[in-house]
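Have a look at the structure below, then the notes.
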2 protein chains.
Amino acid sequence: MFTCIQGDKRMRENTSTSDKLLLAAIDLMAEKGYDGTTTKEIAAAAGVNEVTLFRHFGTKENLLKTAFSRYHYADEMTKLFRESLTGDLHADLLLVSRTYHKLMNRNRKLLRLAQKGGNLPEEVYEESGRHPQQLKKLLMDYLADMAKQKKALVPNPEMQALSFMWMNYGAFFSSLNKKEAVSEEWLDEFIKESVGLFARALTP
Amino acid sequence: MFTCIQGDKRMRENTSTSDKLLLAAIDLMAEKGYDGTTTKEIAAAAGVNEVTLFRHFGTKENLLKTAFSRYHYADEMTKLFRESLTGDLHADLLLVSRTYHKLMNRNRKLLRLAQKGGNLPEEVYEESGRHPQQLKKLLMDYLADMAKQKKALVPNPEMQALSFMWMNYGAFFSSLNKKEAVSEEWLDEFIKESVGLFARALTP
DNA sequence: TAAGGATGTAAGTGTTCACTTGCATCCAAG
DNA sequence: CTTGGATGCAAGTGAACACTTACATCCTTA
């Protein structure tokens with residue numbers, strides 16, 4: 001009943017009923033919060049009957065959990081650190097910062113949803129707390145490594161990593177509750193300037 | 001009926017009924033959001049009857065508006081920039097950063113409440129959006145002035161000011177949803193390192 | 001002591017919400 | 001053609017919630 005392996009017509013339409021519901025739920029909850037969004041609204045936004053929502057997901061909570069697990073981004077950042085960094089401080093930080101904002105923007109709505117809180121299931125908080133910790137570790141290790149190679153001046157890798165992360169985190173979250181993401185060009189100007197500032201501070 | 005100028009016994013107890021309700025509302029809403037907090041809970045937490053809440057504030061929305069207007073911090077930052085800065089880049093940034101975190105921590109719960117959103121009255125959003133803009137302007141002007149005096153290297157005052165603000169903003173908000181504020185010493189270590197990094201980047 | 005204001009208690013109203021039930025309809029696959 | 005799964009529709013259930021009403025109690029003050 002809950003699993004719909006739809007090999008029929010509904011699959012060929014570009015979004016299945018389940019997906020329409022999940023996307024509608026994310027949209028609405030990101031704006032109005034979990035508590036503030038009703039199942040009736042979600043169903044209406046997805047263009048299906050409210051009953052269909054319950055037939056697919058059983059409960060509102062389960063709908064959110066499914067949405068979160070299906071659409072939360074994966075570990076692109078780890079791959080980036082393993083494969084794409086060159087050892088040039090400025091270029092590397094630029095790449096990290098750009099990737100960071102790309103990932104955050106892709107998950108904009110989910111992050112907003114988690115930020116708003118409400119009676120969310122525990123899984124949601126865990127999932128959205130995982131990524132910052134991962135990034136911090138990657139960045140610390142990178143900076144420590146650069147310091148060992150005398151390519152950077154890093155008296156306190158943890159604090160420098162956190163400073164860099166939080167600068168980007170702050171930039172992103174300050175725009176999170178605006179209607180639109182900030183413009184591409186403007187964001188990139190900030191990235192260039194802030195990375196420049198950072199690289200200058202750490203360069204021996 | 002709503003105005004209780006209590007010259008009687010209740011005033012001499014260190015918190016009046018109204019204040020107990022306001023503080024309880026802030027506490028609960030900061031944790032569970034506006035929608036997720038019921039008037040019954042608030043009254044219970046304040047140790048009064050639910051009816052008393054409505055006798056004092058009429059509606060739940062009005063309760064929140066009152067709480068916000070009574071407890072939101074004022075313009076300490078402007079005063080700081082006008083009176084306490086010395087012209088020494090490192091020392092000034094340190095003072096700004098420390099003051100920033102002090103203010104943010106004092107309004108921790110209100111900021112959390114506004115962040116969570118829900119069906120909040122418009123006033124709440126306006127009030128909590130006012131302060132960042134003010135700080136940005138102060139900081140930009142300060143940096144531009146330092147650059148003119150050749151005491152700092154500031155190619156793009158807006159971006160440098162934003163970088164600094166967002167670094168602190170990110171640090172604060174990353175701890176906002178934790179149970180406790182981060183420890184004093186830890187925060188001050190971060191402030192010192194991040195300000196040091198910043199001052200180094202901007203020093204000619 | 002009398003009066004008035006603040007509070008408590010009990011009960012209730014109307015609404016909204018998450019979620020259910022029963023039945024009809026459509027449509028693809030066997 | 002028939003069967004079964006997915007969906008729509010109409011109606012409803014029980015709980016929770018914001019908010020109200022009416023009345024009793026306490027305490028301060030005049």
Separation of D:dA6 atom P from A:Lys20 atom NZ, nearest Å, is 15 Å

Whole angstroms only, please: what is the CD-P distance between A:Glu61 and C:dA18? 13 Å

Is B:Lys109 paired with B:Glu31 through a side-chain N to carboxylate O contact shorter than 4.0 Å? no

Is B:Thr17 close enough to C:dA6 that one of its side-chain N or O atoms is under 4.0 Å from OP1 or OP2 there? no

Could you state the CG-C1' distance from A:Asp19 to D:dA6, rounded to the nearest angstrom? 16 Å

Between B:Lys32 and B:Glu41, does any side-chain N to carboxylate O distance fall below 4.0 Å? yes

Between atom CG in B:Asn119 and atom P in D:dC17, what is the gap in whole Å? 15 Å

When rounded to whole Å, the CZ to C1' distance for the pair B:Phe57 and D:dT20 reads 18 Å

Spacing of B:Leu64 atom CG relative to D:dA18 atom C1', expressed in whole Å: 15 Å

List the protein contact pattern of nucleotides 9-17 of chain C with one symbol per nucleotide (5' to 3'): B for base contact, S for sugar-phosphate-only contact, - for none; contact means a heavy-atom distance under 4.0 Å. BB------S

Near-ring test B:Phe173/A:Phe173, centroid separation under 6.0 angstrom: no

Derivation and outcome, side-chain hydrogen bond (donor to acceptor under 3.5 Å, both in side chains), residues B:Asp92 and B:Tyr142: CA-CA 10 Å; B:Asp92 287 346; B:Tyr142 170 78; 2.6 Å; yes

Reference residue A:Lys65; test salt bridge (charged side-chain N to carboxylate O under 4.0 Å, His left out); the match among A:Glu123, A:Glu122, A:Glu126: A:Glu123

Flag the pair A:Trp166 / B:Phe190 as yes when their ring centroid distance falls below 6.0 Å, and as no otherwise. yes

Can a side chain N or O of A:His56 be found less than 4.0 Å away from OP1 or OP2 on D:dA6? no

Contact class for B:Gly36 (heavy atom, under 4.0 Å): base, sugar-phosphate, or nothing? nothing

Less than 4.0 angstrom from a charged side-chain N to a carboxylate O is my criterion; do A:Lys116 and A:Asp35 meet it? no

Nearest-Å distance for atom pair CZ/P, residues A:Phe54 and D:dG8: 14 Å

Can you tell me how far P of D:dC19 sits from CG of B:Leu53, to the nearest Å? 9 Å

